[in-house]
**Q** 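First the structure, which I've put down as structure tokens, then a few questions once you've had a look.
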Amino acid sequence: MTRVVVVGDLMTDAVARAAFPLAKGGDTPANVSMHGGGSGANVAAWLAVEGVESGFIGRRGADIAGRNRDMELMGYGVDARLVMDPERPTGTCVVMVTHKGDRTMLSDPGANAALLPDDIPQDLFGPGAHLHISGYSLLNEGSRQAALHAMNLAQKAQMSITVDGGANSHLKRAGAEPFLEWTQGAGLLFVNASQAEVLTGRDNPEQAAKVLTAWYAQVVVKMEAEGALWFSNGRGAEPVRVPAEPVDEIVDGTGAGDAFIAGFLPGWLDGKPPAEALANGCRLAARAISHLGARPIL
């Protein structure tokens with residue numbers, strides 16, 4: 001099975017799940033817990049529990065949180081290559097989850113914002129491996145050159161490359177044109193419907209995916225409750241749609257998109273039909289939203 005190298009963000013998620021509708025300006029009872037997070041690290045963790053050889057490249061602080069996040073990744077079986085930042089803390093995200101499972105996030109990237117090209121270990125890059133870049137690393141100015149350097153190494157090693165869209169708000173601030181330029185060389189782009197609209201101006205996911213195939217050979221659009229779709233720029237290609245897997249209760253949507261990517265990649269890299277890869281992505285996404293936290297439960 002193809003080794004997947006992930007370059008991206010590592011976070012500690014402080015998840016507060018409200019027991020009742022939020023009392024604006026008041027006090028709402030909540031269940032508060034700490035979890036490992038970060039889009040890139042989440043993808044690597046989900047890949048590892050799916051039996052995929054995965055490596056993760058990132059940066060952490062010289063603090064207890066960073067040590068815990070490092071140990072967690074190793075516990076999942078991830079080959080974690082984390083550079084310790086002597087000045088910046090490990091990234092932290094406050095995740096506010098409503099009683100219905102909707103989430104709002106407040107993020108401090110911390111050490112993630114200082115990932116450098118010199119932090120990228122070249123021994124993970126070689127023919128037959130695959131590189132996945134977290135969009136957060138490209139959208140953050142401090143880590144952008146490291147992400148671009150990783151893509152350059154992957155291209156020289158003839159590795160396949162995928163990229164995800166990061167966060168919708170960050171993508172809006174960066175602008176569509178720069179992001180499309182930074183991600184040239186990626187064979188497949190993962191976006192959600194909102195990110196697809198930011199990049200194309202089209203609010204119809206299928207139309208947006210078609211537009212994006214002018215830049216990428218393949219595009220996957222994650223559509224939450226409506227499932228996901230795949231589109232290719234191949235002649236006569238038709239979009240492939242797969243419905244979301246039903247869940248009894250949406251506990252926490254954090255990391256569902258990361259789990260989807262980890263579910264999709266193995267089949268896609270093995271040349272399986274897009275519908276099969278999409279279905280496996282939806283399966284893992286359903287697992288992710290059924291418990292608190294963005295990582296698999298061991």
Side-chain angles (χ1 to χ4, degrees), residues 1-13 34-85 90-93 109-112 115 119-126 128-137 143 146-147 150-151 153-154 157 159-164 166 190 254-270 280-281 283-285 287-288 291-298:
M1 187 176 291
T2 303
R3 180 182 69 201
V4 179
V5 179
V6 182
V7 174
D9 45 320
L10 175 74
M11 305 286 279
T12 295
D13 289 347
M34 308 298 286
H35 305 268
S39 180
N42 295 340
V43 171
W46 282 103
L47 283 168
V49 298
E50 285 292 286
V52 177
E53 181 185 351
S54 67
F56 174 72
I57 301 169
R59 198 171 179 95
R60 71 171 181 88
D63 48 26
I64 294 176
R67 184 188 66 186
N68 289 343
R69 302 293 80 81
D70 199 341
M71 293 175 64
E72 284 173 353
L73 288 175
M74 288 190 288
Y76 286 115
V78 176
D79 181 4
R81 306 293 185 91
L82 301 178
V83 175
M84 188 181 301
D85 193 304
T90 301
T92 303
C93 184
N112 292 302
L115 187 68
D119 296 337
I120 309 298
Q122 297 192 28
D123 66 294
L124 291 179
F125 293 76
H130 174 78
L131 173 67
H132 177 72
I133 297 284
S134 168
Y136 284 95
S137 295
S143 56
M151 291 181 68
L153 289 175
M159 294 166 61
S160 53
I161 303 172
T162 53
V163 177
D164 71 65
F190 293 99
T254 312
D258 306 325
F260 174 90
I261 291 171
F264 179 92
L265 279 176
W268 180 74
L269 289 169
D270 285 345
N280 202 45
R283 174 184 64 84
L284 276 198
R287 277 181 56 188
H291 66 257
L292 277 177
R295 303 266 185 88
I297 295 177
L298 293 176

**Q** Using the side chain to side chain contact (heavy atoms under 4.5 Å, CB included) definition, which of the options R59, M84, M11, R60 pairs with T90?
**A** R60
**Q** For residues L269 and V4, determine if any side-chain heavy atom of one lies less than 4.5 Å from a side-chain heavy atom of the other.
**A**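 Heavy-atom side-chain distance check passes, below 4.5 Å.
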**Q** How long is the gap from NE2 on H132 to OG on S54, to the nearest 0.5 Å?
**A** 12.0 Å
**Q** Would you indicate whether the side-chain heavy atoms of I57 and P121 approach each other to under 4.5 Å?
**A** yes
**Q** Answer yes or no: are there more than 12 heavy-atom neighbours, outside M71 itself, under 6.0 Å from its atom CE?
**A** no
**Q** Kindly indicate whether the side chain of L47, heavy atoms from C-beta on, has any atom under 4.5 Å from the side chain of P266.
**A** yes
**Q** For a side chain to side chain contact (heavy atoms under 4.5 Å, CB included) check, start with the C-alpha distance between D79 and L124, then their side-chain angles and the critical distance, and finish with the verdict.
**A** CA-CA 10 Å; D79 181 4; L124 291 179; 3.7 Å; yes
**Q** Looking at Y136 and G38, would you say the former's side chain and the latter's main chain have a donor-acceptor pair under 3.5 Å?
**A**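 Checking the backbone N and O of G38 against the side chain of Y136, no donor-acceptor pair under 3.5 Å is found.
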**Q** Strictly below 4.0 Å, N to O, side chains only: are E50 and R287 in salt-bridge contact?
**A** yes
**Q** With N42, which of T254, D13, D9, D258 fulfils side-chain hydrogen bond (donor to acceptor under 3.5 Å, both in side chains)?
**A** D258
**Q** Taking the side chain as C-beta and beyond, is there a heavy-atom pair between L265 and F190 under 4.5 Å?
**A**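 Contact flag for L265/F190 side chains = yes.
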**Q** Just wondering, more than 12 heavy atoms not from L298 lying within 6.0 Å of its CG?
**A** yes
**Q** Taking R81 as the fixed residue, which of I120, D119, D123 is the one that meets the side chain to side chain contact (heavy atoms under 4.5 Å, CB included) rule?
**A** D123
**Q** Let me know which of N280, T2, I261, T162 forms a side chain to side chain contact (heavy atoms under 4.5 Å, CB included) with W268.
**A**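 Answer after filtering N280, T2, I261, T162: T162.
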**Q** Is a donor on one side and an acceptor on the other found under 3.5 Å between the side chain of W46 and the backbone of A294?
**A** yes
**Q** V5 and side chain to side chain contact (heavy atoms under 4.5 Å, CB included): which single residue from L131, I161, I133 fits?
**A**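 Answer after filtering L131, I161, I133: L131.
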**Q** Is any side-chain heavy atom of F56 less than 4.5 Å from a side-chain heavy atom of L73?
**A** yes
